[in-house]
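Every chain is numbered from 1, with letters handed out A, B, ... down the list of sequences. These figures come from a predicted structure and were not determined experimentally.
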Amino acid sequence: MELETEVLSLVNKALEKAGLSSARVVRLQKPPSPELGHFALMVNPLAKKKDPEKIGEQLKEALQSFKLVEKAVLAVSETKKGKKQVYLNLFLNETALRNARAEFHNQVLTHVFSPDFGKWEDFKGKTAVVEHTSANPISPLHVGNLRNSLHGDAFANILESLGYDVSRRYYVNDVGLQIAFTVVGYEILFYHLNVRPDEKIDVWLGQVYASMNCLYTIQDLKEWAKEEFENVEFSSDVYSLSEKELSEILSQIDKSIKDLNALIEETPRNDKQSKKHQDKTPEELRLKEFSDKKSEFKKYFAVQHSLQARFPFIFSSLHSYLIENNIDLKTRTREYLSTYEANPDSPIATLFREMVNWCLAGFQNTLGKFKVVFDAFDFESEITWSGMPKEIITRLAELRGIDTSKGLKGLRYTYPNDKVVALLKEIGRDRKTVPHRDNIPDLQLTRADGTALYPTKDIAYSIYKFQKTSADKVYNVVGAEQVLPQFQLLLPLWEMGYGNYAANLHHYVYEIVSLKNRIMSGRLAQYVTADDFYKETLVRARIAKKENDQERGVDLAKEDLDLFNSIVEAITLSVIRFSLLESDPKRRIVLDIDQALDLRQSSGPFVQYALARTHGIFRKAKEQFGISEGSILAEKIDVSVLTADREAKLFEMLGSIHDVLLRCYVEMNVSYVPKFAFELAQEFMKYYESTPILKGTNREEMIARLALVRAIQRVLTFLLELMGIPAVTQM
RNA sequence: GGAUCCGUGGCCUAGUUUGGAAGGGCACCGGCCUCCGGAGCCGGCGGCAGGGGUUCAAAUCCCCUCGGAUCCGCCA
């Protein structure tokens, strides 16, 4: 602001007068509350070794002699340790202040009322990819996935608003063991037993997945035990774990653990030197294996009973089918998986696709409720079939001088320090932000059989995302637990000559959502689904709306059901989107469903209510003065009559939206939007309570205030749109 | 063992990038509808995990300790 530089020059003059021409850059700051003044000057840094209070006194005298300064007040506060902090608070001359404010207010209004408000051109002509959600298509979306979707979607909206052409993409992980055994189960139920889903498809598949996972894991565990322990008696059913088997196996494991512990105790302590070697001894590794297995056995013993109890039909049908038809589940799963990876035209591939697409349709149905849509679904299988992973492996092996004449089996990609340093330098990233610093773990590129592993396909997919869309930036909205794998993508890209991709591939980090008093686990088919969350919130919103109508003596549901429903939906979406977006994405949230459903505690409805009030004002304005939202611009608006500090604060906020969005962009953090919307709504509420809009002293003032209200309304509506929330005009 | 993130009143949280007067919300207590809609407003209670360092000045930067989460698989 120009006013600020003017005041600053006065401060410098005053400093000279006091013989304190400072080498340091003098900065003005805003006092914490308007009653303290318009600008504040920190005296301590100017005083150097002298008494800051005396210096402050001198400066005060000097500054007060200027016309622009109405008065200056010395304020002293103390730090915890009793150090004095001296501020010189400056109150400016009324008319000068008014002129400066009027100019700024006019700028803000012009900006907010311009037809292309909300469309900035910072990144005009650039393209960005936002990949988000990307949940495995074998169980319903839960509130954790929803946090991902909503952040990804809102971030994409912000990028668009800043001028990017955005492609919203979903990476479908349709290749993998878990998918494969779920397909095996799907085929059995749907085609061999003619079972039809009696629930939403993704929910039903979630039960199939949990059941198959349990059967598969128990088979695997028992095979392990059979090899380890010869004297345990196993039943012929490899897919279930009896109490007798469990206790025998556990006692065997305990015995082994005891033996190993004794062995480790006996071996002479490694000296400190070798402690630096983090490699565990073979005994220690075995010990870990045993204790891991022990907890797995216990866990899956419980899991099988839990699933049997909760989904008896699906679980038993699958279980008995496998036994009666003598199917080796592990073998069949591997067969299905390798067929799918190798042959896109096989019937098995068709089966995979059928199931996956069906599940994705369920996801789209869910996400549609939250107004989240995608431009593309990219299948991991397509990436596999494209041959890109193989090319990447070969190329990386070549670059590292690895002999591949005997095939590509069990290839590891390492992260040599010098290469990492060079990479970081080129992409301008701080070493501190790198997980594991100078000891980044290797990346396993291929299996023992030479087929590509997930990380390799991820490298391929990263390249694909850039090339398919000619993107300048790619954002992956991925959980915080994946910071390492996300970073590991960069070096291979850079090494293969895609330094530009490495520099522009970003990880939008978000933390998981956990639930108070509830456990979420896909493998147990235990979760609060996004659908349930929506449904429950909708019910609450409807009740709240009904109660509210009753208090006001209306019955909107009777008068206009469509309007009633649209309001309830808007409130629902605001509750959900605010509750998952307003906290820092890097912060873990523990969702207390009951509390989240208490609408009066959510900032979503609060913002909507503020918006409803702005519309209420205009309804009245039209009634009484014939002025509407549309016609206000035709009036002669003179904002110079708005001189209150509250009004100045509101204009200042309205003028800062672009900065807020840029901050979201730079920090990859959407949460500033709902925070800002809430603050603006809050500030407006205070204004509304303190200042009569339509009952101002004169028409000029009323028009100016209406214009301000209209601007607030526009901005709030825009902010809600960014978050994918429909804005209400009444509540 | 190594690495990353986090710790702000009874509970949830903003502020940490760029050091400068600790903001909100819930809960609790007390006020405010003859008024542009009380899903609101006003007031009260109460806080930077602990220690050290740098600085005129530290919630913020550096180091240590404690506490929590996560990552270091031929799983995806």
Residues passing the side chain to side chain donor-acceptor pair (under 3.5 Å) test with A:K330, sequence neighbours excluded, are A:D220, A:E223
Applying side chain to side chain donor-acceptor pair (under 3.5 Å) to A:E551 and not counting sequence neighbours gives none
Atom pairs under 3.5 Å, N or O on each side, protein against nucleotides 39-41 of chain B: can you list them with distances?
from	atom 1	to	atom 2	distance (Å)
B:rA39	OP1	A:Y609	OH	3.3
B:rA39	OP2	A:N548	OD1	3.1
B:rA39	O4'	A:R600	NH1	3.2
B:rA39	N7	A:N548	ND2	3.3
B:rG40	O2'	A:R613	NH1	2.9
B:rG40	O2'	A:E689	OE2	2.9
B:rC41	O4'	A:E689	OE2	3.4

The side chain to side chain donor-acceptor pair (under 3.5 Å) partners of A:E382 (sequence neighbours excluded) come to A:R353
Q) Say you pick atom P in B:rG31 and the same atom in B:rG47; how far apart are they, in whole Å? A) 25 Å
With 3.5 Å as the limit, what N/O pairs link the protein to nucleotides 44-53 of chain B?
none

query = What integer number of Å spans the P atoms of B:rC63 and B:rU4?
reply = 10 Å
When rounded to whole Å, the CD to P distance for the pair A:Q85 and B:rG20 reads 10 Å
Listed pairs under 3.5 Å, donor-acceptor, residues 706-713 of chain A side chains, sequence neighbours left out:
from	atom 1	to	atom 2	distance (Å)
A:R710	NH1	A:Q713	OE1	2.7
A:Q713	NE2	A:T614	OG1	3.0
A:Q713	NE2	A:H615	ND1	3.3
A:Q713	NE2	A:E629	OE2	3.1

*Within the structure shown, what part of the strands sits under 4.0 Å from A:R705 by heavy-atom distance: base, sugar-phosphate, or nothing?*
nothing
- Message: Do the side chains of A:R286 and A:E289 get close enough for a salt bridge, i.e. N-O under 4.0 angstrom?
- Response: yes
Sorted by chain and residue number, the ring pair (Phe, Tyr, Trp, His ring centres under 6.0 Å) partners of A:F678 (sequence neighbours excluded) come out as A:F606
Contact list (N/O, under 3.5 angstrom) for nucleotides 3-5 of chain B vs protein:
from	atom 1	to	atom 2	distance (Å)
B:rA3	O2'	A:H436	N	2.4
B:rU4	OP1	A:R437	NE	2.6
B:rU4	OP1	A:R437	NH2	2.3

The dot-bracket string of RNA chain B, counting Watson-Crick and G-U wobble pairs with both distances under 3.5 Å, using [ ] for crossing pairs and | for pairs to another strand, is (((((((..((((......[..)))).(((((.......)))))....(((((..]....))))))))))))....
Review item, nucleotides 73-76 of chain B N/O atoms under 3.5 Å of protein N/O:
from	atom 1	to	atom 2	distance (Å)
B:rC74	O2	A:A448	N	2.3
B:rC74	N3	A:A448	N	3.3
B:rA76	OP1	A:R447	NH2	2.4
B:rA76	O3'	A:V175	O	2.7

Determine the contact category for A:Y672: base if any of its heavy atoms lies under 4.0 Å from a base atom, sugar-phosphate if only primed atoms, P, OP1 or OP2 are that close, otherwise nothing.
sugar-phosphate
Taken in chain and number order and not counting sequence neighbours, the residues that satisfy ring pair (Phe, Tyr, Trp, His ring centres under 6.0 Å) with A:Y510 are none
Quick check on B:rG7: is either OP1 or OP2 less than 4.0 Å from any side-chain nitrogen or oxygen of A:R587? yes
*asked:* Just to be sure I understand the rule, does A:A40 reach a base, reach only the sugar-phosphate, or reach nothing, if contact means heavy atoms closer than 4.0 Å?
replied: base
Sorted by chain and residue number, the side chain to side chain donor-acceptor pair (under 3.5 Å) partners of A:Y171 (sequence neighbours excluded) come out as none
